[in-house]
Undergrad: 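Once you've had a glance at the structure underneath, I'll fire off some questions.
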Amino acid sequence: MTENRINRIIVVGAGTMGHGIAQTAAAAGCEVTLCDISEGVVSAGIGKIRASLEKRVAGGKLGAEVAGETLSRIRTGTDPVALLEGVDLVVEAIPERIELKRDLFSRLDAAAADATILATNTSSLPVTEISRATGRADRVAGAHFFNPVPAMPLLELVRADGTSEATIDALRSFGEALGKQVIVVNDTPGFATSRLGVTLGLEAMRMLEQGVASAEDIDRALELGYRHPMGPLKLTDLVGLDVRLNIAEHLHRELGGDQYAPPEILRQYVADGRLGKKVGRGFYEWE
Ligand code: NAD
C-alpha cells in the first residue's frame, strides 16, 4: 500500500451490504475479493452485482464495457484469512453479532500484514470492542456504508479507541475514491446516523400515539417543511420496525435518555408482525 492509497481489498460477507461495497469499490478501480461462508452465497452476491450493473447499462447510465471491467475486478473466496497477501483493507459486512465479528477480526489480525487496515460495517456495535479482539487497534475503524451502497452518498467513519489518524485518513481517501462523502464520528452508541435517525423516528411514533396527526401528515411535515426526502415513519417502514426497535433498545440501554425509550406503538406493531415494507405492513400498507 502506498501512503493513503487503498487498492486491494477483501469484503467479508456478500449479503445486502457486502455485495454493494464490493461493487462500488470495483467500480472505483479497486481489486476486490468478495468472501462469504460458501461458494453458493458468494455466487448469489455476484449475481446481485451483475444484475445491478446490467440495470445501469440498460438505463444508459453505464457503458457495457465499463460494467464488464467492474465485474472483472471482483474475485471470490470462502476463506478471507487465506487470501490476505497484499491486501490493504478488509471491510467486514457479516451479521450484526459481536461474537461473530470479534472472532473474524481476531483471525484476520493473526494472518494480515502489519499495514492492513481492518474495518467493520457495523451499524450499532461498539467498534472498540471489535478492535480489542486484535493486536492492531490503530488500524481498526468503523466504515459504515448505507443501503443501497452504490447509490447512497454517505460513508460514516467510526474512530474507535486507539484508531490512528493515518487510518482515518486512508479510509477517508478510500471513501472519496468511491464517490462518497465522509463524516468521522467517535465510537459512541448509534454513531451520528442511527442516533439522529432513530430519535426522530421515535418522536414521530410518539406523536402518532398521542393523536397529534396522521402518519401521512407527520411524514409530510418533515418532507415538505424541512425538505427531508422521506418522512420518519415511512423510513421506519423501509428500515424495518424490528430493526429500529433493536437500535432504540440499544441506545436506551447505553445512553439512558427518555427520548430513546421505544414507544408502546413500536413494541405493539413488532409483536403483531407489522415489521414494515418487507412484510407489506407497518405504519403504512405496502403493495
Ligand atoms: P446480510 O445478512 O444481508 O449479509 C451478511 C452475510 O454475511 C451473509 O451472506 C452471510 O452468509 C455472511 N456471513 C455470516 N457469517 C460469516 C462469516 N463468518 N464469514 C463470512 N461471511 C459470513 O447482512 P447485511 O444487511 O449485509 O449486514 C451486514 C452488516 O452491515 C451488519 O453489521 C449490519 O448491521 C450492517 N449494516 C447493514 C445495513 C442494511 O441496511 N442492511 C446498513 C448499514 C450497515
Side-chain angles (χ1 to χ4, degrees), residues 9-25 32-49 52 76-84 90-111 118-127 129-131 133 140-158 160 175 178 180 183 185 187 189-198 201 230 235-251 275-278:
I9 77 165
I10 291 180
V11 179
V12 190
T16 306
M17 297 305 290
H19 89 269
I21 297 167
Q23 176 182 336
T24 309
V32 181
T33 306
L34 180 60
C35 294
D36 207 299
I37 47 175
S38 72
E39 284 295 347
V41 186
V42 190
S43 298
I46 293 289
K48 285 185 210 151
I49 295 173
S52 162
T76 60
T78 52
D79 183 8
V81 175
L83 300 168
L84 284 163
V90 180
V91 182
E92 165 274 310
I94 68 174
E96 191 75 339
R97 285 174 41 203
I98 190 91
E99 72 284 2
L100 276 186
K101 293 188 194 272
R102 282 178 54 91
D103 171 64
L104 176 65
F105 271 65
S106 147
R107 289 187 291 116
L108 290 168
D109 179 50
L118 306 180
T120 172
N121 187 50
T122 180
S123 39
S124 64
L125 298 171
V127 178
E129 217 174 296
I130 297 169
S131 149
V140 176
H144 184 201
F145 288 88
F146 292 79
N147 183 28
V149 180
M152 295 296 277
L154 180 63
L155 172 60
E156 183 176 46
L157 295 180
V158 181
L178 267 55
K180 304 302 177 199
I183 62 170
V185 181
D187 186 20
F191 314 136
T193 46
S194 300
R195 184 164 165 178
L196 283 169
V198 167
M230 190 182 291
L235 185 60
T236 301
D237 269 10
L238 291 196
V239 171
L241 276 68
D242 51 336
V243 174
R244 285 228 141 156
L245 176 59
N246 277 338
I247 299 174
E249 283 174 333
H250 170 68
L251 292 180
L275 304 182
K277 190 176 178 189
K278 60 189 168 192

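Order of appearance sets the numbers: ligands from 1, and atoms from 1 within every ligand.
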Undergrad: Does N246 have any side-chain contact (heavy atoms from CB on, under 4.5 Å) partners at least two apart in sequence or in another chain, and if so, which?
TA: E249
Undergrad: Tabulate distances under 3.5 Å between N/O atoms of ligand 1 and N/O atoms of the protein, writing both atom names on each line.
TA:
| from | atom 1 | to | atom 2 | distance (Å) |
| --- | --- | --- | --- | --- |
| ligand 1 | 3 (O) | T16 | N | 2.9 |
| ligand 1 | 3 (O) | T16 | OG1 | 3.1 |
| ligand 1 | 9 (O) | D36 | OD2 | 2.6 |
| ligand 1 | 11 (O) | D36 | OD1 | 2.6 |
| ligand 1 | 26 (O) | T16 | N | 3.3 |
| ligand 1 | 26 (O) | M17 | N | 2.8 |
| ligand 1 | 30 (O) | N121 | ND2 | 2.9 |
| ligand 1 | 32 (O) | I94 | O | 3.3 |
| ligand 1 | 32 (O) | E96 | OE1 | 2.5 |
| ligand 1 | 32 (O) | K101 | NZ | 2.7 |
| ligand 1 | 34 (O) | E96 | OE1 | 2.9 |
| ligand 1 | 34 (O) | S123 | OG | 2.8 |

Undergrad: Output yes when a side-chain donor or acceptor of K180 lies under 3.5 Å from a complementary backbone atom of V149, and no otherwise.
TA: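 Present.
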Undergrad: Listed by chain and number, what are the side-chain contact (heavy atoms from CB on, under 4.5 Å) partners of P126, not counting sequence neighbours?
TA: I98, E129, D187
Undergrad: If you measure only the distance, is there a donor-acceptor pair under 3.5 Å linking the side chains of E96 and T122?
TA: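 Result is yes, a qualifying pair exists.
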Undergrad: Mind checking what makes side-chain hydrogen bond (donor to acceptor under 3.5 Å, both in side chains) contact with S131, not counting sequence neighbours?
TA: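 For S131 there are no side-chain hydrogen bond (donor to acceptor under 3.5 Å, both in side chains) partners, ignoring immediate neighbours.
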Undergrad: For K278, does the NZ atom sit with more than 12 other heavy atoms under 6.0 Å from it, leaving out its own atoms?
TA: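 Correct, the count exceeds 12.
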